[in-house]
Amino acid sequence: EEQEEDVLRELRLFLRNVTERLSLDRRFKAFTRPVDIEEVPDYLMVIKKPMDLSTLLTNIDEHKYVTVSEFMLDADLIWQNALEYNPDSDPMDRHIRHRACALKDTVRAILRDELDEDFERVCEEIKESR
Ligand SMILES: COC(=O)[C@H](Cc1ccco1)c1ccncc1
């Protein structure tokens, strides 16, 4: 009903705000757009579920997420993919992995500090009811 749509609107506002703040962080520049398949032709042979911050934003606007947990599954793909595709000991790989770990820690810290567990519980109830 209307109150449910109000909750989901607030969820989208929160998720947009988090995603935009991440996109502004210079450490996460490599995560802002899809990996360029022309630049990295084997990327899709290794990474089955590509994800990036601009795609997260599109998904939010297309009402893909009804809970924060669903959003987290996609947000986690961004750093997980970076660790998987860039495993070597050379400086480039180590640099992107350090930034991937920073992204993981930053998302978790924001949600710990700014997401009310009661709000997420209401979102989960809406999801189960549909
Ligand atoms: C999330 O970004 C990536 O996984 C690409 C992979 C990549 C390899 C070559 C070109 O791009 C990346 C970008 C910047 N620095 C390291 C790796």
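All values reported here derive from a predicted model rather than from experimental measurement. The figures that follow rest on heavy atoms only: side chains count, while hydrogens, waters and symmetry mates do not. As the structure lists them, so they are numbered: ligands from 1, and atoms in each ligand from 1.
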Colleague: Using a strict cut-off of 4.0 Å, indicate which atoms of ligand 1 neighbour a heavy atom of Glu39.
Modeller: 10 (C)
Colleague: I need the nearest protein heavy-atom contact for atom 5 (C) of ligand 1: residue, atom name and distance, please.
Modeller: Val35 CG2, 4.3 Å
Colleague: If the test is side chain to side chain contact (heavy atoms under 4.5 Å, CB included), which one of Leu83, Asp76, Ile78 qualifies with Gln80?
Modeller: Asp76
Colleague: Please say whether Tyr85 places an N or O atom under 3.5 Å from an N or O atom belonging to ligand 1.
Modeller: no
Colleague: Would you mind listing which atoms of ligand 1 come within a distance below 4.0 Å of any non-hydrogen atom of Ala30?
Modeller: 1 (C), 2 (O)
Colleague: Do the side chains of Asp105 and Arg108 get close enough for a salt bridge, i.e. N-O under 4.0 angstrom?
Modeller: no
Colleague: If you count every heavy atom of other residues, nucleotides or ligands that lies below 6.0 Å from Glu38 atom CD, does the total exceed 12?
Modeller: no
Colleague: Of the choices Arg94, Met92, Arg97, which has the non-hydrogen atom that lies closest to atom 16 (C) of ligand 1?
Modeller: Met92
Colleague: Note the single closest protein heavy atom to atom 9 (C) of ligand 1, along with its residue, its atom name and the distance in Å.
Modeller: Val40 CG2, 3.9 Å
Colleague: Mark yes when over 12 heavy atoms from residues, nucleotides or ligands other than His63 sit less than 6.0 Å from its NE2; otherwise mark no.
Modeller: yes
Colleague: Below a 4.0 angstrom heavy-atom separation, can you tell me which part of Asn86, side chain or backbone, both or neither, approaches ligand 1?
Modeller: side chain
Colleague: Pick one of side chain, backbone, both or neither for how His95 approaches ligand 1, counting any non-hydrogen atom pair under 4.0 Å.
Modeller: neither
Colleague: I need the minimum non-hydrogen distance between Ser129 and Glu4, along with the two atoms involved.
Modeller: OG-OE2, 4.1 Å
Colleague: Please check if atom NZ in Lys48 has more than 12 non-hydrogen atoms from other residues, nucleotides or ligands closer than 6.0 Å.
Modeller: yes
Colleague: Any atoms of ligand 1 less than 4.0 Å from a non-hydrogen atom of Phe31? List them with their elements.
Modeller: 1 (C)
Colleague: Sort out for me which residue in Asp52, Thr58, Asn59 forms a side-chain hydrogen bond (donor to acceptor under 3.5 Å, both in side chains) with Thr55.
Modeller: Asp52
